[in-house]
2 protein chains.
Amino acid sequence: MTRAVKRTTHQGIREAIRARIISGEWKLGERIPGEVALAEEYGCSRTTVNRALQTLAQEGMVERKRKGGTRVRPLPTSQAQFRIPIMREQVESRGHRYSHRIESREVRVPPMAIRKQLELPDNDPAAYVESLHLADGKPFAFEKRWVNLGSVPAFSDADLSHESANEWLVRHVPFSRGEVRLSASAANAKQARLLGTDKGAPLFTMHRLTWFEERTITAIELSFAPGYEITFGV
Amino acid sequence: MTRAVKRTTHQGIREAIRARIISGEWKLGERIPGEVALAEEYGCSRTTVNRALQTLAQEGMVERKRKGGTRVRPLPTSQAQFRIPIMREQVESRGHRYSHRIESREVRVPPMAIRKQLELPDNDPAAYVESLHLADGKPFAFEKRWVNLGSVPAFSDADLSHESANEWLVRHVPFSRGEVRLSASAANAKQARLLGTDKGAPLFTMHRLTWFEERTITAIELSFAPGYEITFGV
DNA sequence: GAGTGGTCTAGACCACGGT
DNA sequence: CCGTGGTCTAGACCACTCA
């Protein structure tokens, strides 16, 4: 049984207002009463109403403008929190045993596209790691990773036998920001062999590029074994 | 030039604390000073510090527990706001002209998997629409949609000549929640023909299932033409 | 110019959860 | 138990933006 939320908490008021919007009492694009009016109606302080409305605005249910008041969004925008998948967590949360295996590791000059992404001076080498993420020993995802040694020189000596390249980097460069691209691509020969599928099979693919304070850190391509899905609520 | 944020606003304090975490002053998993201490340090009220920390918690940078205090997240969780793509917006924001075309429309009993998703009583028919989303007249995405007529009977008479099924539904059932799955799949013959690619080509695919107040509304499969990517910052 | 949201404050009480 | 975060309040001033 769900515990009812008190009427005069910011959560209670938020849900009450949400219900009134959903019920159609205030229609799409329509202006709803001001904070002062709502505070009086609900018998609470304006601060509390403000918090409720700010949350609804963040969720995309209403739009707020000074002087313009608060309006129901004309076209509701669905949005969701998307958590970047961490391999180990992902596998273990499904009740499987996680492991990973380095397929190859070297230092060399990356192809043009990667040099550009990593903003590498020409002919500067970078670390390259190919690895396989496994669930209960079965291939789960294939990872190609380039690491900018200009930004993270210590990566050359990283011991990747017990933690993945990602885990090592997270410990050494914890707060990086990044850009993510999701796409579908056809398995090449190597991917097909390592992921146990056929050449040309459709693979869900994620590219990531991360920075720490204006310096590029690493560029990753993750190809997931067939059947992989990302799921989230909206 | 970016306007500096005042030191005693919740934004300013949030960024100050973020900087101290990034700088390594407080390490991963470490407990940071309490709200009262920070309020004193920054010369503001506890309320303001509270708001700054709540925001950082929401972003996933810190974890907060009563009595336990506030800690830097042991493993930083990257997360992003992901906006559900609206076809028209998506196409028009790239400077193309959006159009769409109904390929087929009928009412019939859906296959088992869809009946289950839509929680349809056996043998109840549903509306089925196949349509193509175009950018500058070129195929962009192929949509297969089932609509639960038990929940939205008016859909039978919907005029889809000027708006897409999605746009019609958004106007009539604006505040639905949903579940999204992203995957990669191989183009079948029809998809290949309509999207102008080859059979077996990898297609980025999005499945959506939406509800309004415990009633299922619609189940959608969107297959994007090759080359399509979703991009977002983290 | 004036109305509306954005934010800060100081104080208060509550609820959770480690010790 | 009792320290910490969670929240509410009443009042105040500010900043944007519409008319």
Side-chain angles (χ1 to χ4, degrees), chain A residues 1-18 20-21 25-74 77, chain B residues 1-18 20-21 26-27 29-74 77:
Chain A
M1 163 122 187
T2 325
R3 182 78 161 66
V5 178
K6 279 225 213 81
R7 253 177 50 94
T8 53
T9 63
H10 67 99
Q11 296 175 29
I13 289 168
R14 163 168 41 89
E15 294 313 317
I17 294 175
R18 191 203 305 280
R20 291 170 78 171
I21 292 175
E25 178 176 341
W26 298 312
K27 301 194 184 16
L28 298 183
E30 201 171 299
R31 182 164 164 176
I32 77 176
E35 296 185 348
V36 189
L38 287 170
E40 194 164 346
E41 177 179 345
Y42 285 106
C44 66
S45 72
R46 181 167 83 90
T47 317
T48 304
V49 172
N50 179 277
R51 181 155 179 196
L53 289 175
Q54 287 205 12
T55 308
L56 287 174
Q58 208 183 6
E59 287 178 18
M61 179 153 278
V62 299
E63 273 176 348
R64 321 191 72 202
K65 251 187 278 186
R66 280 155 156 148
K67 167 75 179 178
T70 301
R71 292 176 179 281
V72 180
R73 257 242 154 78
T77 3
Chain B
M1 163 120 188
T2 325
R3 180 80 160 62
V5 179
K6 280 222 214 81
R7 254 178 49 95
T8 54
T9 62
H10 67 98
Q11 297 174 29
I13 289 169
R14 165 170 35 92
E15 294 314 316
I17 293 175
R18 191 204 304 283
R20 290 170 79 172
I21 291 175
W26 298 312
K27 301 195 182 17
E30 200 170 302
R31 182 164 166 175
I32 77 175
E35 296 186 349
V36 188
L38 288 169
E40 192 163 352
E41 176 178 346
Y42 285 107
C44 65
S45 72
R46 179 166 84 92
T47 317
T48 304
V49 172
N50 179 277
R51 181 157 179 192
L53 289 176
Q54 286 204 13
T55 307
L56 288 174
Q58 209 182 6
E59 287 178 18
M61 179 153 277
V62 299
E63 271 176 347
R64 321 192 69 201
K65 256 187 279 186
R66 281 160 158 145
K67 170 73 182 181
T70 301
R71 292 176 179 282
V72 180
R73 256 243 153 78
T77 350

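On a predicted model such as this, the values are computed, not experimentally measured, just so you know. To find a chain, count down the sequence lines: A is the first, B the second, and so on, and within it residues start at 1.
- Nearest approach of A/Leu53 to A/Val62, heavy atoms of both residues: O-CG2, 4.0 Å.
- Listed by chain and residue number, A/Glu63 satisfy the side-chain contact (heavy atoms from CB on, under 4.5 Å) test with A/Pro74 (two or more places apart in sequence, or in another chain).
- Without hydrogens or angle criteria, B/Arg71 side chain to B/Gly29 main chain gives a donor-acceptor distance under 3.5 Å.
- Of all non-hydrogen atoms in B/Cys44 and B/Ile13, the two that sit nearest each other are SG-CD1, 3.3 Å.
- A heavy atom closer than 4.0 Å to some atom of DNA chain D occurs in B/Asn50, B/Gln54, these being the qualifying members of residues 48-59 of chain B.
- Take B/Glu40 and apply the side-chain hydrogen bond (donor to acceptor under 3.5 Å, both in side chains) test, not counting sequence neighbours, and it matches no residue.
- Checking C/dT7, D/dC18, D/dT7 against the side-chain heavy atoms of A/His10 singles out D/dT7 as nearest.
- Using a 4.0 Å cut-off, some side-chain N or O of B/Arg64 falls inside it from OP1 or OP2 of D/dG6.
- Residue-to-nucleotide proximity on DNA chain D shows that, of B/Lys67 and A/Ser45, the 5′-proximal contact is made by B/Lys67.
- Protein atom CD of B/Glu63 is 16 Å distant from nucleotide atom C1' of C/dC16, rounded to whole Å.
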Under 3.5 Å, which N/O atoms of the protein pair with N/O atoms of nucleotides 11-14 of chain C?
| residue | atom | partner | partner atom | Å |
| --- | --- | --- | --- | --- |
| C/dA12 | N6 | B/Arg46 | NH2 | 3.0 |

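- For B/Arg14, the side-chain contact (heavy atoms from CB on, under 4.5 Å) criterion is met by B/Gln11, B/Arg18, B/Ala52, B/Thr55, B/Leu56, B/Glu59, not counting sequence neighbours.
- Rounded to whole Å, atom P of C/dC8 lies 19 Å from atom CD of B/Glu40.
- Dashed line: the shortest gap from a side-chain N or O of B/Thr70 to OP1 or OP2 of D/dT4 is not under 4.0 Å.
- When the nucleotides C/dG18, D/dG6, D/dT4 are ranked by their closest atom to the side chain of B/Lys65, C/dG18 comes out on top.
- Distance CD (A/Glu35) to C1' (D/dA15): 14 Å, rounded to an integer number of Å.
- Scanning for side-chain contact (heavy atoms from CB on, under 4.5 Å) contacts around B/Gln54 gives A/Arg51, B/Asn50, B/Arg64, with sequence neighbours left out.
- Distance check: A/Glu35 CD to A/Ser45 OG gives 10.0 Å after rounding to the nearest 0.5 Å.
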